[in-house]
Amino acid sequence: MFIVTAALPYCNAKLHVGHLRSTYLPADIYARFLKSKGYTAFYVCGSDCHGTPILVRAIQEQKKPEEIVEYYHNIIKQQLEDSLIHFDIYSKTFNPNHYKMTQEFYERIRKNGYTYKEKVQSLYCPNCKMVLPDRLVRGTCPYCGAENQYGDYCEVCGRTYTPLQLRNPRCGICGNTDLEIKELNHVFFRLSELLNPVKKWLESAKVTEGAKKYALNWIKEGLRDWDISRSINWGVPIPGEKNLVFYVWFDAPIGYITFTKELFESLGKDWRKIWIEGEGYIVHFIGKDIIYHHLIFWPGMLIAAEFALPNEIRVRGFATLEGKKMSKSRRWYILLDEFFSFFDPEYLRWYWTTTTSESLSDGDFSFRTLEEKVNNVLIATIGNFIHRILSLIKRGNIRNGTLIANAISKAQAIINDTLQLYHTNQFDKAAEKIITLAGFGNELLGKTEPWRNLSTKTAHDVLFTCFAFILALNMLIDPILPRSARRLSEILQLEQKPHLSDIDKVFDSSYIKVILEQFVEQGKPFILFRKISRQRIQELLTLLKRRAKA
RNA sequence: AGCGGGGUAGCGCAGCCAGGUCUAGCGCGCCGGGCUCAUAACCCGGAUGUCGGUGGUUCAAAUCCACCCCCCGCUACCA
């Protein structure tokens with residue numbers, strides 16, 4: 001049984017096109033592939049609702065954090081749905097089930113002796129009545145003297161320090177310079193003691209190549225204990241501690257467990273089988289920004305709590321937009337809903353699938369390439385192949401034929417490769433193979449030219465064989481283009497979308513014949529994909545550039 | 001500064017870990033021809049590269065080693 005997760009979206013902003021690339025899309029493709037292959041698989045996700053950024057935003061907008069979370073949770077959920085991301089559950093961490101799960105998880109690691117308390121000095125802003133997290137203190141770097149730096153890290157010289165070392169500290173929210181020092185109890189997680197088991201797991205785990213090196217290198221110098229508490233009034237309360245909540249990075253990944261539990265309870269299944277007894281196969285999809293959390297902290301937490309460890313962690317890089325880094329402050333980005341108001345979500349899915357490999361490298365989103373990938377590859381090769389075959393079949397009233405043996409064996413090889421590539425998370429290469437299959441069909445047509453005389457045996461055999469290719473394509477494109485796959489099966493008059501578990505039937509003549517006859521009787525060729533117009537691209541691009549300049 | 005990733009035709013990439021099958025492939029674009037069933041789509045053919053630089057190992061290097069240059073990213077309380 002597979003549990004596929006995608007990193008939890010942080011609930012204080014809308015998602016942009018890049019979010020799909022690194023995380024939600026690959027996980028979706030993988031989950032859809034597994035299900036289509038006949039495996040039991042669940043795609044689990046939800047909003048990450050805690051942490052200081054949400055609290056700060058609430059303060060700035062004079063709202064409650066609950067309101068911010070509610071607002072963005074609904075938006076993000078909708079955005080992902082519109083991206084044709086199909087979760088088996090999309091929940092959120094601001095949720096009694098999650099509070100309970102996090103606290104129970106904590107109890108387990110506490111009982112196992114992996115926590116301790118220690119006093120920590122922090123800056124307090126009397127004006128905001130708030131203990132300030134490091135990132136909410138601004139001041140002068142104690143080393144290089146650069147002004148307006150964070151409380152923990154200088155962007156100019158790259159050195160780290162504590163907020164108490166910072167010169168002329170001021171509150172990052174209200175600017176107050178009259179800060180007090182408070183000594184407070186914090187809860188620490190003995191991560192340092194977990195160095196060896198974490199390392200051992202990491203070395204053997206199935207993790208994206210670069211990410212593993214990255215994490216192993218990072219722990220080479222050992223691990224420090226981890227402060228898992230914060231003195232703010234937004235988050236999961238720590239049992240037995242007054243005025244302390246869990247640091248968001250402690251509670252967020254536990255969301256994977258909470259959400260599995262919520263889903264499983266609705267299905268009458270036991271979540272413990274997966275997360276405690278280790279009978280499932282857990283795959284996390286994440287962006288490269290949270291490698292440490294998922295490859296080090298999270299396994300450490302799981303080991304300390306005696307929970308099951310993930311089996312695979314798949315990491316992908318970020319997206320740039322027309323060659324430039326996306327940035328909120330520079331207003332250079334495209335939100336998912338903005339893209340969808342211009343173009344079909346499947347075009348974005350196709351774009352990222354064909355341009356993204358499983359690696360830490362970033363990828364660019366460019367409209368020129370989008371046009372190319374959609375118009376000249378997806379449509380010209382696959383869409384056009386399907387359309388011309390169906391048109392010829394309809395016109396020639398082709399109802400049967402014989403499969404061309406050597407063409408079939410070649411197609412079978414391509415299909416096997418595609419399945420293998422899906423399985424190993426190489427979706428870009430899987431898409432390439434799918435293109436190859438359609439290309440091979442086109443080649444066959446070019447050589448045999450069945451349109452010259454549709455009543456010949458060759459014409460019948462070629463079209464019969466190509467029709468089998470279309471059935472295969474219908475199954476193969478489904479994980480990437482689920483909506484088009486559905487539409488294609490409707491065109492073919494199939495009662496339901498075919499599954500990859502039935503892929504062998506595709507080359508069974510009697511099976512093909514039934515579907516072919518059905519199609520010739522009742523179906524008609526239909527344009528599956530519409531081309532992207534250059535004018536629409538221009539319009540959206542103009543919009544983005546105008547916003548960036550404003 | 002340290003660490004990670006990367007530098008291969010106009011653009012995007014594969015190959016490198018297990019050196020020869022690479023007189024370096026693929027997609028898009030480009031040029032020429034064909035076809036007309038098809039969404040001006042499709043088929044066939046072609047051109048374009050000192051594989052970041054220098055040196056080394058080897059019978060043989062895009063692939064291994066050393067040094068250097070350039071780009072991107074990260075560096076535990078920002079998710």
Side-chain angles (χ1 to χ4, degrees), chain A residues 7-13 48-54 56 120 122 133-136 150-153 157-160 162-163 172 186 191 209-221 223-230 247-250 252 287-293 296-297 317-318 320 325 354-355 357 359-364 366 368-369 371-373 375-381 383-396 428-429 431-432 435-436 438-439 441-452 454 459 463 466 525-531:
Chain A
L8 311 186
Y10 194 64
C11 208
N12 76 341
D48 175 7
C49 305
H50 302 306
T52 36
I54 286 171
V56 169
V120 171
S122 304
D134 295 359
R135 279 286 154 123
L136 282 187
Y150 291 117
D152 58 335
Y153 174 75
C157 69
R159 268 178 279 218
T160 54
T162 74
H186 273 231
L191 191 61
E209 195 55 35
K212 182 184 281 200
K213 272 190 205 161
Y214 197 73
L216 278 172
N217 185 64
W218 199 63
I219 62 177
K220 224 162 32 190
E221 289 155 37
L223 283 169
R224 301 209 293 265
D225 287 344
W226 187 30
D227 183 352
I228 57 168
S229 57
R230 293 292 181 274
Y247 172 45
V248 62
W249 265 116
F250 184 83
K288 66 173 182 180
D289 51 334
I290 53 180
I291 291 175
Y292 296 145
H293 303 91
I296 296 165
F297 302 162
F318 289 159
T320 51
K325 201 174 158 180
T354 51
T355 57
S357 64
S359 76
L360 305 194
S361 18
D362 296 339
D364 189 38
S366 107
R368 219 186 119 198
T369 315
E371 185 191 345
E372 206 177 283
K373 291 283 178 192
N375 291 356
N376 303 354
V377 181
L378 175 65
I379 297 178
T381 310
N384 182 51
F385 172 68
I386 294 169
H387 193 228
R388 67 197 295 216
I389 292 297
L390 296 183
S391 302
L392 284 167
I393 284 174
K394 195 76 183 174
R395 172 180 303 193
D428 52 335
K429 289 178 181 152
E432 227 169 81
I435 297 162
T436 308
N442 279 325
E443 213 176 290
L444 191 61
L445 285 183
K447 276 183 196 140
T448 54
E449 304 187 320
W451 52 84
R452 287 182 183 276
L454 285 168
L463 293 174
C466 285
F526 186 84
I527 303 270
L528 201 53
F529 310 104
R530 289 278 168 197
K531 286 201 171 184

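Throughout, protein chains are lettered first and strands after them, A, B, ... in sequence-line order, and every chain is numbered starting at 1. Remember, it's a predicted structure, so these values are computed and weren't measured experimentally.
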S.K.: Does A:Gly51 offer a backbone N or O that forms a donor-acceptor pair with the side chain of A:Tyr247 under 3.5 Å?
M.R.: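 Flag not set: sc A:Tyr247 to bb A:Gly51 has no pair under 3.5 Å.
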S.K.: Does A:Leu223 or A:Pro9 map to a spot on RNA chain B nearer the 5' end, using the closest nucleotide for each?
M.R.: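 Taking each residue's closest nucleotide, the earlier one in sequence belongs to A:Leu223.
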S.K.: Round to a whole Å and report the spacing from CG of A:Leu528 to P of B:A38.
M.R.: 17 Å
S.K.: Considering only side-chain heavy atoms of A:Trp226, which listed nucleotide, B:A76, B:A14, B:C43, is closest?
M.R.: B:A76
S.K.: Could you state the atom-to-atom distance from CG of A:Asp362 to C1' of B:C13 in whole Å?
M.R.: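 Computing the A:Asp362:CG to B:C13:C1' distance gives 15 Å.
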S.K.: Report which part of the nucleic acid A:Phe297 touches: base, sugar-phosphate, or nothing (heavy-atom distance under 4.0 Å, all strands).
M.R.: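 Base contact - A:Phe297 has a heavy atom under 4.0 Å of at least one base atom.
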S.K.: Measure from CD1 on A:Ile389 to P on B:C43 and round the result to the nearest Å.
M.R.: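 Those two atoms, CD1 and P, are 12 Å apart.
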S.K.: Which residues satisfy the ring pair (Phe, Tyr, Trp, His ring centres under 6.0 Å) test with A:Phe250, sequence neighbours excluded?
M.R.: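 Ring pair (Phe, Tyr, Trp, His ring centres under 6.0 Å) check on A:Phe250 returns A:Phe246.
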S.K.: Between B:A14, B:A79, B:A76, which nucleotide gets closest to the side-chain atoms of A:Val248?
M.R.: B:A79
S.K.: From the list B:C42, B:C74, B:A79, which nucleotide is the closest neighbour of the side chain of A:Ala380?
M.R.: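 For the A:Ala380 side chain, the nearest candidate turns out to be B:C42.
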S.K.: With sequence neighbours left out, write down each residue that passes salt bridge (charged side-chain N to carboxylate O under 4.0 Å, His left out) with A:Lys212, or none if nothing qualifies.
M.R.: none
S.K.: At what distance, to the nearest 0.5 angstrom, does CZ of A:Arg230 lie from CD1 of A:Ile228?
M.R.: 10.0 Å
S.K.: Remember a base hit wins even if backbone is also touched, and classify A:Gly51 as base, sugar-phosphate or nothing at under 4.0 Å, heavy atoms.
M.R.: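 A:Gly51: no heavy atom of the nucleic acid under 4.0 Å.
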S.K.: Output a table of nitrogen or oxygen pairs between the protein and nucleotides 62-64 of chain B separated by less than 3.5 Å.
M.R.:
none

S.K.: Taking salt bridge (charged side-chain N to carboxylate O under 4.0 Å, His left out) as the test, write out the residues that go with A:Asp428, two or more places apart.
M.R.: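 If we apply the salt bridge (charged side-chain N to carboxylate O under 4.0 Å, His left out) test to A:Asp428, skipping adjacent residues, there are no hits.
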S.K.: What stems, by residue range, does RNA chain B take part in, given at least 3 consecutive Watson-Crick or G-U pairs under 3.5 Å?
M.R.: B:1-7 with B:69-75, B:10-13 with B:25-28, B:30-34 with B:42-46, B:52-56 with B:64-68
S.K.: Expressed as a whole number of Å, how far does the C1' atom of B:U50 sit from that of B:A61?
M.R.: 15 Å
S.K.: Determine, for A:Asp362 against A:Lys325, whether the closest basic-nitrogen to carboxylate-oxygen distance falls under 4.0 angstrom.
M.R.: no
S.K.: For the aromatic rings, using the six-membered ring if either is Trp, is the centroid distance between A:Trp218 and A:Tyr292 under 6.0 Å?
M.R.: yes
S.K.: Roughly, in whole Å, what's the span from CG in A:Leu392 to C1' in B:A38?
M.R.: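 To the nearest whole Å, that distance equals 7 Å.
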S.K.: Can you check the distance between B:G73 and B:A40, where both ends of the measurement are the P atom (answer in whole Å)?
M.R.: 41 Å
S.K.: Base, sugar-phosphate or nothing for A:Pro133? Non-hydrogen atoms, less than 4.0 Å.
M.R.: nothing
S.K.: Is the distance from OP1 or OP2 of B:A41 to the nearest side-chain N or O of A:Lys531 less than 4.0 Å?
M.R.: yes
S.K.: Considering only atom C1', compute the distance from B:U58 to B:A66 and round it to an integer number of Å.
M.R.: 16 Å
S.K.: Using the P atom on both, measure B:C26 against B:C43 and round to a whole Å.
M.R.: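 So the two P atoms sit 14 Å from each other.
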S.K.: Kindly write out the residues that satisfy side-chain contact (heavy atoms from CB on, under 4.5 Å) with A:Ser361, not counting sequence neighbours, or none if the list is empty.
M.R.: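 With sequence neighbours excluded, A:Ser361 shows a side-chain contact (heavy atoms from CB on, under 4.5 Å) to A:Ser359, given in chain and number order.
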S.K.: Pick out the pairs of N or O atoms, protein on one side and nucleotides 4-6 of chain B on the other, that lie under 3.5 Å.
M.R.:
residue	atom	partner	partner atom	Å
B:G5	OP1	A:Lys213	NZ	2.9

S.K.: What residues, two or more places apart in sequence or in another chain, satisfy ring pair (Phe, Tyr, Trp, His ring centres under 6.0 Å) together with A:Phe318?
M.R.: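 A:Phe318: no ring pair (Phe, Tyr, Trp, His ring centres under 6.0 Å) contacts found.
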S.K.: Rounded to whole angstroms, how far apart are CD on A:Glu209 and P on B:G73?
M.R.: 22 Å
S.K.: Checking A:Trp249 against A:Phe297 for the side chain to side chain contact (heavy atoms under 4.5 Å, CB included) test, could you report, in this order, the C-alpha distance in whole Å, the side-chain angles of both residues, the deciding distance, and whether it holds?
M.R.: CA-CA 9 Å; A:Trp249 265 116; A:Phe297 302 162; 5.6 Å; no
S.K.: Please report the distance, rounded to the nearest Å, between CD1 in A:Ile386 and C1' in B:C42.
M.R.: 14 Å
S.K.: Considering only atom C1', compute the distance from B:C28 to B:G2 and round it to an integer number of Å.
M.R.: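 Those two atoms are separated by 39 Å.
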S.K.: Any idea which of B:A79, B:C42, B:A76 is nearest the A:Asn442 side chain?
M.R.: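 Within the option list, the nearest is B:C42.
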S.K.: For the CD1 atom of A:Ile296 and the OH atom of A:Tyr214, what is their distance to the nearest 0.5 Å?
M.R.: 10.0 Å
S.K.: Checking the side chain of A:Asp48 only, and the main-chain atoms of A:Pro9 only, is there a donor and an acceptor separated by less than 3.5 Å?
M.R.: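 Absent.
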S.K.: So A:Phe318, base contact, sugar-phosphate only, or nothing? Heavy-atom distance under 4.0 Å.
M.R.: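 The residue A:Phe318 makes no contact with any strand.
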S.K.: Using the test side-chain contact (heavy atoms from CB on, under 4.5 Å), find all partners of A:Pro525 that sit at least two apart in sequence or belong to another chain.
M.R.: A:His387, A:Leu390, A:Ser391, A:Lys394, A:Phe519
S.K.: What distance, rounded to whole Å, do you find between the two C1' atoms, one in B:C3 and one in B:G20?
M.R.: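 So the two C1' atoms sit 35 Å from each other.
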S.K.: By side-chain contact (heavy atoms from CB on, under 4.5 Å), which residues pair with A:Thr52, not counting sequence neighbours?
M.R.: A:Pro133, A:Ile232
S.K.: At 4.0 Å (heavy atoms only), tell me whether A:Arg395 reaches a base, stays on the sugar-phosphate, or touches nothing.
M.R.: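 If one applies the 4.0 Å heavy-atom cut-off, A:Arg395 turns out to touch the sugar-phosphate alone, with no base involved.
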S.K.: Please report the distance separating the P of B:G5 from the corresponding atom of B:A18, rounded so that it comes out in whole Å.
M.R.: 16 Å
S.K.: Please state the P separation for the pair B:U21 and B:A60 - nearest whole angstrom.
M.R.: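 Per the computed distance, 14 Å lies between those P atoms.
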S.K.: For A:Asp227 and B:A76, what is the distance between atoms CG and P respectively, to the nearest whole Å?
M.R.: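 Rounded to the whole Å, the gap is 14 Å.
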S.K.: I want to confirm an ordering. Mapping A:Trp218 and A:Leu445 to their closest nucleotides on RNA chain B, which one lands closer to the 5' end?
M.R.: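 Result of the comparison: A:Leu445.
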S.K.: To the nearest 0.5 Å, how far apart are CD1 in A:Ile379 and NZ in A:Lys373?
M.R.: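 Taking CD1 in A:Ile379 and NZ in A:Lys373, the distance rounds to 14.0 Å.
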S.K.: Using a 4.0 Å heavy-atom cut-off to protein, can you give one letter per nucleotide of nucleotides 27-35 of chain B, 5' to 3': B if the base is in contact, S if only the sugar-phosphate is, - if neither?
M.R.: -SS-----S
S.K.: For the pair made of CG in A:Asp428 and C1' in B:A14, what is the distance, rounded to whole Å?
M.R.: 10 Å
S.K.: Tell me every residue that passes side-chain contact (heavy atoms from CB on, under 4.5 Å) with A:Arg452, counting only those two or more places apart in sequence or in another chain.
M.R.: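 In terms of side-chain contact (heavy atoms from CB on, under 4.5 Å), with neighbours along the sequence ignored, A:Arg452 is linked to A:Glu449.
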